[in-house]
Structures are given as structure tokens and as C-alpha cells.
Amino acid sequence: MIERKQQNLGKKVSIIGCGYVGKAVANYWYKKGYFVTGTTTREEKISELESITNNCIVTTGENLQGIETVIRDQETILVSIAPISDRQVDAEAYAQTYLPTAKNLVKALENNSTVKQVIYLSSGSVYGDKKGEWVDETSPLDTDSEYSQILVDAENVILGLNKETIKVCLLRLGGIYGPRRELDKRIGRLTGKTLPGSGENWTGWIHLDDIVEGIEFVHEKGCQGVYNLVNDVKLTSKDLCNLICDRQRLKRVSWDGSKPPFSALNARVDNSKIKQEGYQFIYPDTLI
Ligand SMILES: NC(=O)c1ccc[n+]([C@@H]2O[C@H](COP(=O)([O-])OP(=O)(O)OC[C@H]3O[C@@H](n4cnc5c(N)ncnc54)[C@H](OP(=O)(O)O)[C@@H]3O)[C@@H](O)[C@H]2O)c1
């Protein structure tokens, strides 16, 4: 564990999983003057996190002691974990990432009296294939896909946290895009290729800046419960790919309907609840 001198008397916040989103939130909170603790699973990432955290802990969620250390004396915990994002992982690896972390966090919180809010990042893909219908936070979740089932199980573990003093806020994110994850580049690279699925599945996206701002919004307001954090644009995969390829004058992507699509989601995810709470999207449209 690397701890630097406390620079301020700001709120004490911990981020479990300083990846793409976790690092952006750490940077925002650190600049805001919060005392930020962040985790990574890799020693070699410590130097990268030094400039955006006060305290960096190398641990996985499977390590109960590690999680106990991460939450000690903290007020807010953000959970932003995902299996290694640069390759497809099997369901077992998926389960090994989400479930032990959720269970250990709940266990560790039983003996903690400082934490007041847990913000947990989940995914809109938990709604699964609703044949393009609209879904909101009360809609039934997907239990057909092994991957969704794991996310739903982890959500249930976190939502089952039974402590009146702790507010649990679960954000179901759209597909994440932003700097270094630009959609025009990602889809531009697929030009001329054939992708699995019909392309008729509805997708939802969220810009990194809206994730950071949305997290701070629910943090400051002390929100609890489930919120979709997905922008206003509703497009099918095919429409989005066509838009991007046409704009860049690239050959369109083709689709093979005989194969299952990459994404489990085929639904239009409603974002009214977080808007009614008062959140204003920075990017209500998808930037392409
Ligand atoms: N990508 C999407 O489009 C998408 C869509 C919807 C929701 N989400 C959710 O959004 C959140 C942020 O995603 P992201 O793109 O920022 O992920 P990311 O860049 O892959 O970062 C994931 C973080 O989790 C850590 N991690 C991995 N396995 C762990 C384990 N077993 N125990 C503890 N930490 C572990 C990683 O550690 P290292 O620092 O060692 O790498 C990394 O810091 C996740 O909760 C994800 O499920 C993502």
C-alpha cells in the first residue's frame, strides 16, 4: 500500500477498480480535494495512479482483507470493476471478477461504521433481449445469458446490503465511449467486416464525462436505488455502424443473422429517472 500525505480535509472516498472509468473519477475527485484511495490488481499500475490518488492499494476483490483495508475510515465507496477489458473473457472469469468482490464488500461493510454510500457500476445489458421494447429500472432482468446472470447476481448481492446507515446507489451504464474509446474509430476499424447478429439490436451509449458527472451527481445528492445512466439516443447497432461508416465514406459493416450478436442488450433503455432526479446530461447525443 502506498500512502501519500493527506493534502486536505476533503471527503474520504475509495474507488475499487481504477480502470478507464475509475481513473477518470479518481482524477475528478482528487482535483476536487477529496482524499482518494484507489485500487488496482497490478503493482506496475501504481505509478500511473500516484498523481490521481492519495492512497493506492493493490488488491483484487477476492481478497477480503484487501477490501477491508480499502473501505476503512472511508465515507463513499465506488465499485468500478470489470474483467480485463482488452479481450473477450469467458463467463467463469466474469463470475470471478464480479461476485467475490460484491460479496466481500458486503461482508466487510458489516463491520464498518464510516461508509455512508456505496455507488456500484453495473450495465444496461442486464435488461437483455426485450425485442427493442423500452425498459426502465423496474423492468425484468435477463437471466438467459450467463454473462447477464452474473451481473444480476452481483447487483443483488450489493442491493441486499442490509444496513440502514448505508445508501446503495446502482448505476446501469450504457456502452462506454470517450477519449481513447471513440466510437468513430472503433466502428471505423470494422469497415467491410461481417459482424455476428442481425444488427437490429438496440444499443445505448454513455460518454465518460457523463459517467464521471453522473457519479458525482448521485454522490453529492446521496441518491440510493437503481438508475440507468444511458444517453438519449436510441439506435440499432446497424444504424449506428451505417451512420459512422457513411460519414467517414467507409464501406458499411455487414451482418450475419445466423450468429448471436456480441451484445446481450436489445432494448431502448429509458433514462428519465436520473433526469427527474435533476441530472442534466453533458452529452445527451452520442458523439460520432
Ligand atoms: N465497457 C463498457 O462499455 C461497460 C458498459 C456497461 C458497464 N460497464 C461497467 O463500467 C465499469 C467500468 O468499466 P471500465 O471500462 O472502466 O473497466 P476497465 O477499464 O476494464 O477497469 C476495470 C478495473 O477493475 C479492476 N479489476 C479487474 N478484476 C478485478 C478483480 N477481480 N478485483 C478487483 N478489481 C478488479 C481492474 O484492475 P487493473 O487496474 O489491475 O486493471 C481495473 O482497475 C465496470 O463496472 C463495468 O462493468 C462497462
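Note that ligands are numbered from 1 as they come in the structure, with each ligand's atoms numbered from 1 the same way. Starting from 1, each residue takes its place in the sequence as its number.
Considering both main-chain and side-chain atoms, Gly22 never comes within under 3.5 Å of ligand 1 through any nitrogen or oxygen pair. Of the N or O atoms in Leu121, one or more lie within a sub-3.5 Å distance of an N or O in ligand 1. Checked by distance only, ligand 1 and Thr97 stay at 3.5 Å or farther apart across all their nitrogen or oxygen atoms. Between Lys45 and ligand 1, a contact under 3.5 Å exists for at least one N or O pair. Checked against a 3.5 angstrom limit, the closest N/O atoms of Ile176 and ligand 1 fall inside it. In terms of N/O distances under 3.5 Å, ligand 1 is not approached by Val79. Geometrically, ligand 1 and Thr39 share no nitrogen or oxygen pair separated by less than 3.5 Å.
Counting atoms of ligand 1 from 1 in the listed order, those under 4.0 Å from a heavy atom of Gly61 are 30 (C), 32 (N), 33 (C). Taking a cut-off of under 4.0 Å to the non-hydrogen atoms of Val21, the atoms of ligand 1 that pass are 12 (C), 16 (O). Taking every heavy atom of Arg42 and a limit of under 4.0 angstrom, the matching atoms of ligand 1 come to 38 (P), 40 (O), 41 (O). Residue Ser122 approaches ligand 1 through these ligand atoms, each under 4.0 Å from one of its heavy atoms: 7 (C). For ligand 1, the atoms closer than 4.0 angstrom to any heavy atom of Cys18 are 39 (O), 43 (O). Within ligand 1, counting atoms from 1 as listed, the ones closer than 4.0 Å to a heavy atom of Leu173 are 6 (C), 7 (C), 10 (O). Those atoms of ligand 1 that come under 4.0 Å of a heavy atom in Thr40, given as number and element, are 38 (P), 39 (O), 40 (O). Close approach to Thr60 involves these atoms of ligand 1, each under 4.0 Å from a residue heavy atom: 32 (N), 33 (C).
What you find for Tyr177 and Asp285 is that their closest heavy atoms are OH-O, 3.6 Å.
In this structure, Arg180 is not positioned above the aromatic face of Tyr20 in the sense of NZ or CZ being under 6.0 Å from the six-membered ring centre and within 45° of the axis.
With respect to the salt-bridge test (charged N to carboxylate O, under 4.0 angstrom), the residues Lys45 and Glu50 do not qualify. A salt bridge does not link Lys107 with Glu68: every distance from a Lys NZ or Arg NE/NH1/NH2 to an Asp or Glu carboxylate oxygen is 4.0 Å or more.
Within the 4.0 Å heavy-atom shell around ligand 1 one finds Glu62.
In this structure, Glu44 places its CD atom where more than 12 heavy-atom neighbours from other residues, nucleotides or ligands lie under 6.0 Å away.
Proximity of Glu48 to ligand 1, defined as any heavy-atom pair under 4.0 Å, is not found for any part of the residue. Residue Tyr98 touches ligand 1 through its side chain alone, judged by heavy-atom distances below 4.0 Å.
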Ile274/Phe281 under side-chain contact (heavy atoms from CB on, under 4.5 Å): CA gap, chis, key distance, verdict:
CA-CA 10 Å; Ile274 198 156; Phe281 282 83; 4.2 Å; yes
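Under the ring-ring contact (aromatic ring centres under 6.0 Å, His included) criterion, no residue pair touches residues 231-250, with sequence neighbours excluded.
Ring centroid separation for the pair His219 and Tyr28 does not come in under the 6.0 Å cut-off.
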Donor-acceptor contacts, no H, no angles, side chain residues 160-171, under 3.5 Å, sequence neighbours left out:
from, atom 1, to, atom 2, distance (Å)
Lys163, NZ, Leu109, O, 2.7
Lys163, NZ, Asn112, O, 2.5

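Counting only N and O atoms by type, the side chains of Thr60 and Asn63 include no donor and acceptor under 3.5 Å apart. For the residue pair Asp129 and Asn201, no side-chain donor N or O sits within less than 3.5 Å of a side-chain acceptor on the partner.
Between the choices Ser123, Ala82, Pro100, the shortest heavy-atom distance to atom 36 (C) of ligand 1 belongs to Ala82.
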